[in-house]
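In what follows, chains are A, B, ... by sequence order, proteins preceding strands, each numbered from 1.
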2 protein chains.
Amino acid sequence: MRTDEPSIGYLVKAAQARLNLRMEEVLAPLELTVSQYSCLFRLKHDPGISAAALARSVFMTRQSMGTMLQQLRERDLVTRPDRAESGRALPTALTADGHALVEAAEAVVDGVEARMLAELPGADRSALARALAACVAALE
Amino acid sequence: MRTDEPSIGYLVKAAQARLNLRMEEVLAPLELTVSQYSCLFRLKHDPGISAAALARSVFMTRQSMGTMLQQLRERDLVTRPDRAESGRALPTALTADGHALVEAAEAVVDGVEARMLAELPGADRSALARALAACVAALE
DNA sequence: AAGCCTATGTCAGAATACTGACATGCGCAC
DNA sequence: GTGCGCATGTCAGTATTCTGACATAGGCTT
């Protein structure tokens with residue numbers, strides 16, 4: 001009798017927790033937290049995005065993103081105008097330093113993800129991605 | 001051309017974030033946070049567990065668990081001896097109130113998980129569980 | 001044009017979880 | 001038996017993120 005299998009919700013949390021832990025380990029030498037990396041990564045693919053949209057894409061509040069962007073700005077990793085040309089949104093983007101750093105970070109983070117998926121054949125990876133996307137959509 | 005598919009790491013984070021959000025919503029009427037629910041849930045299945053082991057099982061530090069248990073103790077949801085019979089570990093368990101509350105919480109949380117998996121056939125659910133477990137193990 | 005709604009950015013305060021540190025108690029090697 | 005290592009619990013301080021609130025800017029309806 002095996003009725004003690006962990007729920008899928010718990011497995012999702014477990015996977016996220018371990019992934020976060022391993023990412024912290026490899027990002028620490030670069031002086032980056034996981035949140036900061038996520039932010040820079042997103043900025044690389046969406047330069048000029050607003051802080052609020054950036055926050056939503058990495059599952060944070062815009063207030064927290066505000067303080068984080070201030071720190072990244074002090075390290076000259078991102079740029080942000082003091083005033084908006086039109087509207088309230090301040091378009092944020094990477095500096096050259098920020099771009100270089102996020103590329104270095106991507107290399108080590110890709111290593112972690114590769115390690116996580118090492119035992120999964122390609123077909124299983126696709127199925128996992130589709131299943132997770134379905135879960136996300138169902139909780140919309 | 002579609003080369004912008006999100007990584008599995010991002011999907012894991014997205015699923016966990018949305019799941020947490022929906023759990024917060026349904027647990028709020030019970031005056032429970034997700035962390036508190038996780039703690040009570042684990043205590044239901046492992047009465048007498050130590051706070052440190054409890055913390056590990058819900059991916060927190062033992063320090064944070066200490067403060068959380070203090071709060072739960074003040075609400076008479078858990079019991080904890082002031083001194084250990086042997087060793088340092090203080091065996092923690094649910095009170096009758098705690099047991100009743102966690103069962104009510106399980107009902108609403110199960111609803112959220114059911115909603116998350118609504119679109120997935122049974123075979124896909126098994127595959128998802130196995131894939132997630134493999135990811136967790138690979139990051140051990 | 002005026003009013004309403006929404007989104008963005010920011011300030012202030014609170015909650016939550018973390019790291020570092022230390023004492024205590026057990027088990028194990030020696 | 002003694003010393004060492006390891007786990008647990010707790011205190012103190014820090015960091016991160018959150019909620020609540022407000023002002024500003026644009027779109028949309030009327």
Side-chain angles (χ1 to χ4, degrees), chain A residues 13 16-18 20-25 27-29 31-40 42-43 46 48-75 78-93, chain B residues 13 16-18 20-25 27-29 31-40 42-43 46 48-75 78-93:
Chain A
K13 174 63 181 171
Q16 188 271 332
R18 278 205 195 280
N20 210 68
L21 183 66
R22 298 310 172 202
M23 285 176 69
E24 278 176 8
E25 290 171 358
L27 287 173
E31 303 277 356
L32 281 180
T33 66
V34 176
S35 294
Q36 288 168 340
Y37 164 74
S38 305
C39 173
L40 296 179
R42 180 70 167 151
L43 279 175
D46 262 298
I49 194 177
S50 74
L54 187 54
R56 282 191 297 270
S57 77
V58 300
F59 314 105
M60 290 173 47
T61 60
R62 62 186 192 279
Q63 292 93 329
S64 301
M65 182 55 70
T67 61
M68 178 179 302
L69 285 178
Q70 183 54 34
Q71 295 172 341
L72 295 175
R73 195 169 165 283
E74 284 165 5
R75 290 170 63 183
V78 306
T79 58
R80 240 188 145 200
D82 290 335
R83 311 171 78 99
E85 295 181 357
S86 92
R88 294 263 299 165
L90 304 178
T92 307
Chain B
K13 174 64 181 170
Q16 188 272 331
R18 279 203 196 281
N20 210 68
L21 182 66
R22 298 310 173 203
M23 287 175 69
E24 279 177 8
E25 290 172 358
L27 288 173
E31 303 276 356
L32 281 180
T33 66
V34 175
S35 294
Q36 288 169 339
Y37 165 74
S38 306
C39 173
L40 296 179
R42 180 70 167 148
L43 278 176
D46 262 297
I49 194 177
S50 74
L54 186 53
R56 282 190 298 268
S57 77
V58 301
F59 315 105
M60 289 173 47
T61 61
R62 64 186 191 277
Q63 292 94 331
S64 302
M65 182 57 69
T67 62
M68 179 179 301
L69 285 178
Q70 184 54 32
Q71 295 172 342
L72 295 175
R73 195 169 165 282
E74 285 165 6
R75 290 171 63 182
V78 307
T79 59
R80 242 188 143 200
D82 289 336
R83 310 171 78 98
E85 295 182 358
S86 91
R88 293 264 300 165
L90 304 178
T92 308

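The CZ atom of B:R83 sits 13 Å away from the C1' atom of C:dG25 (whole-angstrom rounding). Regarding B:Q63, its CD atom lies at a distance of 11 Å from the C1' atom of D:dA12, rounded to whole Å. Between the CD atom of B:E24 and the P atom of C:dT16 there is a distance of 11 Å, rounded to whole Å. Between B:R56 atom CZ and D:dA7 atom C1' there is a gap of 8 Å when expressed in whole angstrom units. In this structure, the CZ atom of A:R62 is 18 Å from the C1' atom of D:dT16, given to the nearest Å. A straight line from CE of A:M60 to C1' of C:dT16 spans 15 Å, rounded to a whole angstrom. At whole-Å resolution of the value, CD in A:Q71 and P in D:dA15 are 10 Å apart. The nearest whole Å value for the distance from the CD atom in A:Q36 to the C1' atom in D:dT17 is 13 Å.
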Could you go step by step and tell me if A:L40 and A:L32 meet the side-chain contact (heavy atoms from CB on, under 4.5 Å) rule?
CA-CA 10 Å; A:L40 296 179; A:L32 281 180; 3.9 Å; yes
What do the steps show when you test A:M65 against A:V58 for side-chain contact (heavy atoms from CB on, under 4.5 Å), and what is the final call?
CA-CA 9 Å; A:M65 182 55 70; A:V58 300; 3.6 Å; yes
Check the pair A:L69, A:L54 against side-chain contact (heavy atoms from CB on, under 4.5 Å), reporting the backbone distance first and the verdict last.
CA-CA 10 Å; A:L69 285 178; A:L54 187 54; 4.1 Å; yes
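When each of C:dT10, C:dT8, D:dC18 is scored by its nearest atom to the side-chain atoms of A:S64, the top-ranked nucleotide is D:dC18. For B:L90, counting side-chain heavy atoms from C-beta on, the closest listed nucleotide (D:dT17, D:dG9, D:dC18) is D:dG9. Between D:dG9, C:dT8, C:dC26, one nucleotide has an atom nearer to the side chain of B:S86 than all others, and that is C:dC26. Closest to the side chain of A:R88, out of D:dA23, C:dT16, D:dG9, is D:dA23. When the nucleotides C:dG9, C:dT19, D:dT8 are ranked by their closest atom to the side chain of B:S50, D:dT8 comes out on top. Of the candidate nucleotides C:dT16, D:dG9, D:dC18, C:dT16 has the atom lying nearest to any side-chain atom of B:T33.
Note that CD1 of A:I49 and OG1 of A:T92 are 8.5 Å apart. Values are rounded to the nearest 0.5 Å. Here B:C39 contributes atom SG and B:M60 contributes atom CE; the two are 7.5 Å apart, rounded to the nearest 0.5 Å.
For B:T61, a side-chain nitrogen or oxygen approaches OP1 or OP2 of C:dC18 to under 4.0 Å. Not one side-chain nitrogen or oxygen of A:S35 sits closer than 4.0 Å to the OP1 or OP2 atom of D:dT16.
Within the 4.0 angstrom heavy-atom criterion, no nucleotide atom of any strand lies near B:T67. Within the 4.0 angstrom heavy-atom criterion, only backbone atoms of the sugar-phosphate kind lie near A:A51; the bases stay farther away. Within 4.0 Å (heavy atoms only), A:G87 reaches sugar-phosphate atoms of the nucleic acid but no base atom.
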